[in-house]
Structures are given as structure tokens and as C-alpha cells.
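Read through the structure below, which is laid out as C-alpha cells, and then see the notes.
Just so you know, residue 1 is the first one in the sequence shown, and it goes up from there.
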Amino acid sequence: MLNPLFQKQLSDILVGLRHSPGGNMSGKPFKRKHLAVRAEVNFVNAEEAKNLIAVEGYTVLDVRDRTQFERAHIKSCYHVPLFIENQDNDFGTIIKRQLHNNFAGLLFGLPFTKLNPEFVQSVKSQFSPQSKILLVCQEGLRSAVAANKLEQAGYGNIACITSGLQSAKPGTFDSVGSTELQNAGKAGLVTIQGKISAVLGTVLICAFLFITFFPDQAEKLFQLAPPS
């Protein structure tokens, strides 16, 4: 059984709490913690992305670099590149640019870039945090990075195409440019490699057929060839 004096003190405390909304045992108000709930980024395929645009009113934001965007982009989309061309002229950057241009730039036609420091601010100048935004890039990596940055900035309605525009079938989106959306990332020597292989393959097949069906003429041609 509780001590009557202690019961009286406990009763007084409880009465005080009852008449002090938000109070606690010390008589000080409770501090309510407001936990921010971050929405998860919605990763979709190209067909699902098309539905988000047509049915749910998502706006397309292309985060690719300028060169890929100009080759092909979804009609009426917005463009804020996550990476921009790096034109810095410090010694280290000059060396890196030269190495890049001799390898990745030459083979794949990729520009030498750096992270766009104004990316989030540029998006904020065009979209409110409540906007429904479909982020697109060529392979799905840059859009995922962009989604993370915008999510941290308070945007809650973000979607990305999982494997990027390279996974979109021709005709999935109305596009503008000199090539199909799925081919906008192809440039440099790799674009002519396939053509060279096709030409060489055609030549070899024709030579084989000529030797097979016209052996006498082929032998005469071999005789005309200068000895090695």
C-alpha cells in the first residue's frame, strides 16, 4: 500500500499534467519530433514511363549532357544536364581532358564533363517540390543520381526509367533529333565499327561466292597478283 503522502504528491502531479497539454513529469512541455517522411523514387520501364506521362501527368526532365540531348530527346521535355562540359584549364584538368579525348572521347564520342553545380537550383527554378517529374538519361545511372539529389532537396514525386532511354523501343515516345532515342548514346568510332564489319563481311562473302562459282576466273586473278 502506498504512503498517503506519496499518493497525494502523485495525484497532484497527475492533475497538473492533465491541465497542462503537452506537459511532462518535470512540468516542461514535451518536444514533439517531426520526422520527415521521404518518398521512394519510382523506378519504371519505358512503357510504364509512357503511362506516367499520358495518364498521371508527369513531366519529362532529361538530365543527359548536351550532345546526347541534341542527337535525340523526347518531344516537349525539359533539359537540365546533371553533368556539363568541363572547360577548366588547370594543369590537372588539361591532362585528364587529353587522356579522355584520346580514349573515351575518340571511341564513344563522350564529352569531358564534370558534375553540374547548379543542377538542383536549375530544377528548382522550373519545378515546385510537388511537381511530378520523370527523370530520363541514356542508361539509367545519371537519372538515379539526379533523383537522389532532388529527393534530398524535398521533391517527393520522382520517377526514373530503370535502364534509361537505351531500353525504349522505337516509337515508344515522340522524339526529336537525328537518330532514335535508344541510339543517342552511340557516337565516335563505335558507330562506324558495325558499318566497317558489315562492309568487310559483304566483301568476304562475295569473294567466297566468286571463287566457288567462277573458279577459273578466280585462278586467273590470283595469277595476276604480284608474288610476295
Side-chain angles (χ1 to χ4, degrees), residues 39-87 104-105 107-195:
E40 292 185 359
V41 176
N42 186 17
F43 288 93
V44 298
N45 59 36
E47 288 295 332
E48 291 169 334
K50 183 177 181 180
N51 186 68
L52 289 180
I53 298 170
V55 179
E56 299 191 31
Y58 273 70
T59 300
V60 180
L61 176 58
D62 196 319
V63 300
R64 297 175 299 167
D65 60 68
R66 178 181 55 82
T67 54
Q68 291 183 344
F69 179 80
E70 290 178 349
R71 288 179 200 138
H73 58 267
I74 296 175
K75 189 176 181 180
S76 302
C77 73
Y78 289 79
H79 181 227
V80 180
L82 181 64
F83 289 88
I84 57 176
E85 188 171 356
N86 190 345
Q87 298 180 337
L107 292 173
F108 303 104
L110 298 174
F112 182 61
T113 59
K114 64 179 180 180
L115 196 64
N116 180 3
E118 302 297 326
F119 174 75
V120 173
Q121 192 57 45
S122 296
V123 174
K124 284 184 175 181
S125 68
Q126 301 178 68
F127 299 94
S128 71
Q130 292 75 37
S131 300
K132 296 180 178 180
I133 303 175
L134 172 66
L135 297 170
V136 299
C137 67
Q138 198 62 32
E139 68 297 310
L141 299 176
R142 285 168 289 183
S143 59
V145 174
N148 183 60
K149 287 183 173 294
L150 293 181
E151 186 184 24
Q152 291 178 355
Y155 287 81
N157 298 305
I158 301 293
C160 297
I161 299 180
T162 304
S163 298
L165 294 175
Q166 66 181 5
S167 65
K169 296 179 181 179
T172 302
F173 303 101
D174 292 334
S175 62
V176 177
S178 58
T179 187
E180 296 286 351
L181 286 170
Q182 68 271 22
N183 296 325
K186 298 177 181 179
L189 292 180
V190 294
T191 58
I192 63 173
Q193 182 181 6
K195 296 177 181 178

Considering all heavy atoms of both residues, which atom of [X] and which atom of [Y] are nearest to each other, and what is their separation?
X: Ala147; Y: Ile158; value: CB-CG2, 3.7 Å
X: Asn45; Y: Ile161; value: C-CG2, 4.3 Å
X: Asp62; Y: Phe69; value: OD2-CD1, 3.5 Å
X: Ala146; Y: Val63; value: CB-CG1, 4.1 Å
X: Gln68; Y: Gly185; value: NE2-CA, 3.7 Å

Discussion item. I'd like to know if the side chain of Gln138 pairs up with that of Arg71 as donor and acceptor (distance under 3.5 Å, no hydrogens or angles considered).
Written reply: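 No.
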Worksheet item: When you check the side-chain N and O atoms of Ser122 and Ser125, is any donor under 3.5 Å from an acceptor?
Response: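 Distance-only check fails for Ser122 and Ser125.
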Worksheet item: Going through the checks in order, is the side-chain contact (heavy atoms from CB on, under 4.5 Å) test met by Asp174 and Ile74?
Response: CA-CA 6 Å; Asp174 292 334; Ile74 296 175; over 6 Å; no
Side-chain contact test, heavy atoms from C-beta onward, threshold under 4.5 Å: evaluate it for [X] versus [Y] and give yes or no.
X: Thr162; Y: Val44; result: no
X: Val136; Y: Leu181; result: no
X: Glu48; Y: Asn51; result: no
X: Glu118; Y: Ile84; result: no

Item to complete: May I have the step-by-step check of side-chain contact (heavy atoms from CB on, under 4.5 Å) for Leu52 and Asn42, ending in yes or no?
Response: CA-CA 10 Å; Leu52 289 180; Asn42 186 17; 4.2 Å; yes
Is a side-chain donor or acceptor of [X] paired with a backbone partner of [Y] at a separation under 3.5 angstrom?
X: Tyr155; Y: Phe127; result: yes
X: Lys50; Y: Phe173; result: no
X: Asn157; Y: Gln130; result: yes

Atom pair [atom1] ([X]) and [atom2] ([Y]), whose distance is rounded to the nearest 0.5 Å:
X: His79; Y: Glu70; atom1: NE2; atom2: CD; value: 8.5 Å
X: Leu165; Y: His73; atom1: CG; atom2: NE2; value: 11.5 Å
X: Gln126; Y: Thr59; atom1: CD; atom2: OG1; value: 10.5 Å
X: Leu61; Y: Tyr78; atom1: CG; atom2: OH; value: 10.0 Å
X: Gln182; Y: Ser167; atom1: CD; atom2: OG; value: 9.5 Å
X: Lys149; Y: Leu135; atom1: NZ; atom2: CG; value: 12.5 Å

Fill in: Enclosure of Lys114 NZ (heavy-atom neighbours >12, cutoff 6.0 Å)
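Yes, enclosed.
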Worksheet entry | Residue from Pro81, Ser143, Cys137 passing side chain to side chain contact (heavy atoms under 4.5 Å, CB included) with Arg64 |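 Among Pro81, Ser143, Cys137, the one meeting side chain to side chain contact (heavy atoms under 4.5 Å, CB included) with Arg64 is Cys137.
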Fill in: side-chain contact (heavy atoms from CB on, under 4.5 Å) assessment of Asp65 paired with Glu85
CA-CA 8 Å; Asp65 60 68; Glu85 188 171 356; over 6 Å; no
